[in-house]
Amino acid sequence: MSDATSVPAALDEIENQDEVKGLLARAVTQGHITHAYLFCGAPGSGMEDAALAVAECLVCPQGGDGSCEECIRVKHHTHPDVHWLTPDSSTGYLISQIRDLIDDVQLAPVRAKTKVYILENAGLLRSASANALLKTLEEPPAHTVFILLARSAEIMLQTIVSRCQVVPFRSIPEAQAIESIVKKTGASKRDARIALAVAGTPAAAASYLGQPSKRSLRVQTVTALDGLAKDDAWDVLLAARSLIDAVRDPLGEVKKSQKAEKEQVSDFLSASAVHKLEDSQKRELGARERSGIMEVFAATDSVLRDALLVAQGRPEDIVNADFPEVCERIAEAGAAGILAALAAVEDARASLAHNVSSQLTVEVMLCAIKEALS
């Protein structure tokens, strides 16, 4: 943009999507935010980051400074006025989900002046759930903004599309994304490519590279996969327990910070307000744990896909170039076994989305991968 100073800090973090950044910055700074957006683009295009950035701008007293408590809560998916929805069914959004959303829309915001609803995989709004949402999109309360995320507008119910401002996100070539990460962090291209595979977007990858605990978690995940061939059932359960512990260990500092926050304000809040604070803190811990588990899934998926490349005679294309021998050993299972293992990762993602415990989800996934590769 020609006037970079007009871009709120939260939106300025959107990378490789200059047209989107300009459009959203003008809408925010000129007060032209519409009641419903449809962000369309391929995975990795940064739609999720952009949706959160818009939410930061709408709930932040400074208009999206990107660093205040409100913005941080949005980033961690724990702001009470920013609701992130995912389909409750493998086939799509349940109509009960949308009815709960509609009921919540009628309530006033808790902390901010605006409530934001972000619907991931909005293409899975099937006929009944889409029609249930339609009336709310036609006559939304003044304090509400919807952001729907989908691969394309063509897969959406057209009456939904017509009520939204469509914002297309262009696909980002992997090489361009890697170059962006290298420029921002100073990491090697190999490390940037690994981070992108685990974190999903350039912005998330840059954050990933700055957190040793996350990089250590990936190494531990690769090691666990490599050991499955010789592990017995008990070893697999121990490996799962170790991964869960690695995800939860960094949360110790978050718990200390939350405890201090509660102690500072508990004498000045009512019992119900303290209860709300405790619920918010639990949601924050849950969201952070879920994020860590998703990175375990992403690292697992990346290694298995590399093994598939090796099995197909393309070892030079692998992402996990620091663990070529692991990919080679897994490749010995053959393409059919590796594809079955990849399916187990998808099943694990679905289980986590349906609130199956992290421990059980990882245990079942590792057992299924072991069986598939055997």
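Salt-bridge formation is detected for the pair Arg218/Asp322: a Lys NZ or Arg NE/NH1/NH2 atom is positioned less than 4.0 Å from an Asp or Glu carboxylate oxygen. The pair Asp235-Lys230 does not count as a salt bridge, with every side-chain nitrogen at least 4.0 angstrom from each carboxylate oxygen. In summary, Arg349 and Glu346 engage in a salt bridge, as defined by a charged side-chain N under 4.0 Å from a carboxylate O. A salt bridge does not link Arg99 with Asp103: every distance from a Lys NZ or Arg NE/NH1/NH2 to an Asp or Glu carboxylate oxygen is 4.0 Å or more.
Ile194 and Ile181 fall into different hydrophobic clusters, where Ile, Leu, Val, Met, Phe, Trp and Tyr residues are linked whenever their side-chain heavy atoms come under 4.5 Å apart, directly or through other members. Linking Ile, Leu, Val, Met, Phe, Trp and Tyr residues whenever their side-chain heavy atoms come within less than 4.5 Å places Leu23 and Met47 in a single cluster. No chain of hydrophobic side-chain contacts below 4.5 Å, direct or via other Ile, Leu, Val, Met, Phe, Trp or Tyr residues, connects Leu251 to Ile293. Clustering ILVMFWY residues whenever any of their side-chain heavy atoms sit less than 4.5 angstrom apart, transitively, puts Val247 in the very cluster that holds Val236. By the criterion of side-chain heavy atoms lying less than 4.5 angstrom apart, applied directly or through intervening Ile, Leu, Val, Met, Phe, Trp or Tyr residues, Leu285 is not grouped with Trp84; the two fall into different hydrophobic clusters.
Looking at Thr29, Ile33, Ile14, Val7 one by one, the single match for side chain to side chain contact (heavy atoms under 4.5 Å, CB included) with Leu24 turns out to be Ile14. Of the candidates Thr136, Asp81, Thr144, Asp104, Tyr117 forms a side-chain hydrogen bond (donor to acceptor under 3.5 Å, both in side chains) with just one, namely Asp104.
In plain terms, the two heavy atoms of Ala130 and Leu125 that are nearest each other are CB-O, 3.8 Å. When all heavy atoms of Leu209 and Ala187 are compared, the closest pair comes out as CD1-CB, 3.8 Å. Residues Pro202 and Asn16 share a closest heavy-atom pair of CG-ND2, 3.8 Å. Across Glu120 and Pro87, no two heavy atoms sit closer than the pair O-CD, 3.9 Å. The two residues Thr361 and Ala348 make their nearest non-hydrogen contact at CG2-O, 3.4 Å. In plain terms, the two heavy atoms of Glu56 and Lys75 that are nearest each other are OE1-NZ, 3.0 Å.
Residues Lys183 and Glu15 have side chains not in contact (no heavy-atom distance under 4.5 Å, counting atoms from C-beta outward). In this structure, the side chains of Pro61 and Glu70 come closer than 4.5 Å at one or more pairs of heavy atoms. In this structure the side chain of Leu133 reaches within 4.5 angstrom of the side chain of Leu119, judged on heavy atoms. For the pair Thr86/Asn121, no side-chain contact is recorded, criterion being any heavy-atom separation below 4.5 Å from C-beta on. By the 4.5 Å heavy-atom criterion applied to side chains, Val303 and Thr221 are not counted as neighbours. Lys214 is not listed as a side-chain neighbour of Val198, based on a closest heavy-atom distance of 4.5 Å or more. Residues Leu366 and Val362 have side chains in contact (heavy-atom distance under 4.5 Å, counting atoms from C-beta outward). Annotation: side chain of Lys189 is in contact with side chain of Glu179 (closest heavy-atom distance under 4.5 Å).
How far OG of Ser96 is from CG of Leu101: 11.5 Å, rounded to the nearest 0.5 Å. Put simply, CG on Asp317 and CG on Leu309 are 6.0 Å apart, with the number rounded to the nearest 0.5 Å. Taking CG from Asp226 and CD1 from Ile330, the interatomic distance works out to 6.5 Å, rounded to the nearest 0.5 Å. The distance from atom CE of Met156 to atom CD of Gln158, rounded to the nearest 0.5 Å, is 9.0 Å. A distance of 10.5 Å separates CG of Asp231 from CG of Leu225, quoted to the nearest 0.5 Å. The distance from the CD atom of Gln359 to the CG atom of Asp245 is 8.0 Å, given to the nearest 0.5 Å.
Using modelled atom types, one finds no donor on one side chain facing an acceptor on the other under 3.5 Å when comparing Gln165 with Thr34. Side-chain atoms of Ser302 and Asn320 form a donor-acceptor pair, as typed in the model, at a separation below 3.5 Å.
Residues passing the side-chain hydrogen bond (donor to acceptor under 3.5 Å, both in side chains) test with Gln211, sequence neighbours excluded: Ser207. Residues satisfying the ring pair (Phe, Tyr, Trp, His ring centres under 6.0 Å) criterion with Tyr208, sequence neighbours excluded, are absent altogether.
Not one N or O on the side chain of Asp100 forms a donor-acceptor pair closer than 3.5 Å with the backbone of Gln97. Looking at Asp301, its side chain never comes within 3.5 Å of a backbone N or O of Phe297 through a donor-acceptor pair. Side-chain N or O atoms of Arg193 include one that pairs as donor or acceptor with a backbone N or O of Ile318 at under 3.5 Å. In this structure, His79 contributes its side chain and Cys71 its backbone to no donor-acceptor pair below 3.5 Å. The closest donor-acceptor contact from the side chain of Ser257 to the backbone of Glu253 lies at 3.5 Å or more, if one exists at all. Side chain of Gln220 to backbone of Ser242: a donor-acceptor contact under 3.5 angstrom is found. No donor-acceptor pair under 3.5 Å is formed between the side chain of His77 and the backbone N or O of Val74. A side-chain donor-acceptor contact under 3.5 Å links Lys370 to the backbone of Leu228.
Other residues, nucleotides and ligands contribute more than 12 heavy atoms inside 6.0 Å of the CD atom of Gln176.
Pairs engaging residues 43-53 under the side-chain hydrogen bond (donor to acceptor under 3.5 Å, both in side chains) rule: Asp49-Thr201 [sequence neighbours left out].
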Run Arg170 and Glu19 through side-chain contact (heavy atoms from CB on, under 4.5 Å) and show every step you take. CA-CA 10 Å; Arg170 67 185 184 88; Glu19 291 185 8; over 6 Å; no
Let's go through Arg290 and Leu352 carefully: what are the C-alpha distance in whole Å and the side-chain angles of both, what is the deciding distance for side-chain contact (heavy atoms from CB on, under 4.5 Å) to 0.1 Å, and is it a yes or a no? CA-CA 8 Å; Arg290 183 179 184 277; Leu352 193 66; 3.7 Å; yes
Would you please test Leu149 and Phe169 for side-chain contact (heavy atoms from CB on, under 4.5 Å) and show each step? CA-CA 10 Å; Leu149 311 180; Phe169 284 67; over 6 Å; no
Is there a side-chain contact (heavy atoms from CB on, under 4.5 Å) between Leu85 and Tyr93? Walk through the geometry before answering. CA-CA 9 Å; Leu85 285 79; Tyr93 280 91; 4.1 Å; yes
